[in-house]
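What's counted below: heavy atoms across the whole structure, side chains too, no hydrogens, waters or symmetry copies.
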Amino acid sequence: MTHHGNPFGQVLVALVTPMTADGEVDWPAVEKHMDDVISAGADGIVVTGTTGETSTLTDPEKIRLVEVGKDVAAGRAKIITGGGSNETAHAIELYKASEKAGADGIMIVTPYYNKPTQAGILTHFRLVADATDLPVILYDIPGRTGVPIKYETILRLAKHPNILAVKDAKGDFSEVSRVLNQTDLMYFSGDDANVLPHLAIGASGLIGVTANVAAAPYRVIVDAVNRGDLAAATAAHKQLEPLVRAVMTHVPGTVSAKYILHGLGRISSPRVRLPLVGPEEWEAAMIEDELALVTDIAGADFSNFRPDRNAAAGGALPKVHGTTR
């Protein structure tokens with residue numbers, strides 16, 4: 001199956017879902033944050049993904065995030081809906097509703113907790129992809145789902161006309177190369193530390209957490225790779241390294257990204273929903289130590305960084321639980 005063009009964008013932000021101090025979605029902050037990352041160079045936003053706390057969002061919240069994203073983007077960036085479900089029937093209904101709400105594409109995660117066989121994974125992806133006309137990104141993240149999408153399964157899925165891409169958080173570069181050689185699938189880096197290596201072997205772009213804080217340097221990296229300027233891409237990669245370490249290594253990326261965005265005054269609260277909690281004192285100290293090494297990052301002025309460990313402490317219990325349908 002030959003696919004033409006990239007319907008997703010190249011610099012995609014795995015968007016955090018800003019919340020109030022009591023754990024309700026802060027819709028004005030969502031709109032502002034979406035506009036911020038698009039203005040900084042993102043041409044795609046993935047809502048309701050891992051970083052968006054999909055596990056604890058309600059279905060109506062997920063659909064509204066797509067609607068708000070479409071309104072805010074106003075054609076400047078693609079809106080991709082992530083998450084899905086580990087129940088195939090539920091995933092199908094969510095993605096149908098997302099398509100109706102205006103999503104430009106969907107990102108389907110490997111069913112988690114169930115630990116299906118490869119035959120089950122294949123069937124899940126095919127049935128969901130059959131249920132919508134939207135272009136599909138497969139999300140391969142065995143560290144969270146418990147099972148990888150094996151190479152042979154990816155090759156079989158590549159034959160589906162709606163399945164166009166893979167978000168790779170597995171980090172097997174040799175497998176990425178094999179799939180790129182044998183299919184027309186696009187790859188998106190799903191590991192912030194590996195964005196440049198992924199792009200160097202032929203990936204189309206990234207879906208990044210750190211891009212919530214600084215999307216502009218990723219635009220620099222992608223544009224440099226597009227024009228074959230490895231030196232410029234490497235320089236931007238090196239500048240980003242301490243920020244990536246701050247966001248991705250000490251606590252879940254959602255938690256650290258919100259902590260940092262709040263410290264920069266870009267969201268009103270660093271609150272996450274339980275079972276996620278804000279960084280403990282020693283974790284916050286490590287994040288802040290990493291940030292002290294960040295210099296000259298476009299769009300992120302840490303000279304005015306004011307972290308609030310008390311505001312970030314603990315987690316919120318929302319009024320309606322996420323699996324209500």
Side-chain angles (χ1 to χ4, degrees), residues 10-16 18 29 32-42 45 50-52 169 171 189-200 205-225 229-272 276 278-313:
Q10 288 190 284
V11 179
L12 279 67
V13 178
L15 200 81
V16 300
K32 178 183 179 297
H33 185 49
M34 286 175 169
D35 188 66
D36 285 348
V37 297
I38 294 171
S39 298
I45 292 176
T50 304
T51 307
S189 179
D191 182 346
D192 288 6
N194 285 333
V195 167
L196 182 55
H198 269 116
L199 292 170
L206 64 114
I207 301 173
V209 181
T210 307
N212 280 281
V213 180
Y218 288 104
R219 185 80 261 166
V220 170
I221 291 172
V222 166
D223 289 347
V225 171
D229 189 347
L230 182 60
T234 302
H237 167 82
K238 287 181 176 179
Q239 274 190 322
L240 269 171
E241 191 273 331
L243 180 58
V244 170
R245 200 165 62 242
V247 173
M248 300 302 294
T249 57
H250 304 299
V251 293
T254 305
V255 173
S256 50
K258 283 188 169 183
Y259 183 69
I260 294 167
L261 287 167
H262 180 251
L264 290 170
R266 286 165 52 185
I267 59 175
S268 60
S269 169
R271 183 67 69 201
V272 290
L276 293 181
E280 297 188 58
E281 286 288 320
W282 61 276
E283 292 166 332
M286 288 195 296
I287 292 169
E288 292 160 23
D289 286 346
E290 308 284 17
L291 294 177
L293 303 175
V294 176
T295 56
D296 300 322
I297 294 288
D301 180 6
F302 285 97
S303 64
N304 294 315
F305 183 63
R306 299 290 183 271
D308 189 337
R309 297 182 186 180
N310 289 331

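Here the closest non-hydrogen pair linking Lys32 and Arg266 is NZ-O, 3.7 Å. Minimum interatomic distance between Val13 and Ala211 (heavy atoms only, all atoms of both residues): CG2-CB, 3.8 Å. Here the closest non-hydrogen pair linking His262 and Ala311 is CE1-CB, 4.1 Å. Nearest heavy-atom pair across Ile260 and Phe305 is O-CE1, 3.5 Å. Nearest approach of Ala246 to Glu290, heavy atoms of both residues: CB-CB, 3.5 Å. Summarising the geometry of Pro18 relative to Val16, their closest heavy-atom pair is CD-O, 3.2 Å, with the distance given to 0.1 Å.
Residues Thr210 and Tyr218 have side chains in contact (heavy-atom distance under 4.5 Å, counting atoms from C-beta outward). Within the 4.5 Å cutoff, the side chain of Leu206 has no heavy atoms near those of the Leu12 side chain. You'll find the side chain of Gln239 stays beyond 4.5 Å of the side chain of Pro217, heavy atoms only. Looking at heavy atoms from C-beta onward, Phe302 lies out of side-chain contact with Thr295 at the 4.5 angstrom threshold.
With sequence neighbours excluded, the residues forming a ring-ring contact (aromatic ring centres under 6.0 Å, His included) with His198 are Phe173, listed by chain and number. Remark: Pro279 engages Val251, Val255, Tyr259, Glu283, Ala284, Ile287, Ala312 in a side-chain contact (heavy atoms from CB on, under 4.5 Å) (not counting sequence neighbours).
In this structure, the separation between CG on Leu15 and CD1 on Ile207 is 12.5 Å, given to the nearest 0.5 Å. Annotation: the span from Met286 atom CE to Arg245 atom CZ amounts to 11.5 Å, rounded to 0.5 Å. Taken from CG in Asp223 to CD in Gln10, the straight-line distance is 7.5 Å, to the nearest 0.5 Å. In this structure, NE2 on His237 lies 8.5 Å from CG on Asn194, to the nearest 0.5 angstrom. If you take CG on Leu264 and OG on Ser303, they are separated by 9.5 Å, rounding to the nearest 0.5 Å. Rounded to the nearest 0.5 Å, atoms OG1 (Thr234) and CG (Leu196) are 5.0 Å apart.
A donor-acceptor contact under 3.5 angstrom links the side chains of His33 and Asn212, judged on distance only.
Side-chain atoms of Asp192 come within 3.5 Å of backbone atoms of Val209 as a donor-acceptor pair (strictly under, hydrogens ignored).
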- Between Val195 and Val244, is a side chain to side chain contact (heavy atoms under 4.5 Å, CB included) present by the stated rule, with each step listed? CA-CA 11 Å; Val195 167; Val244 170; over 6 Å; no
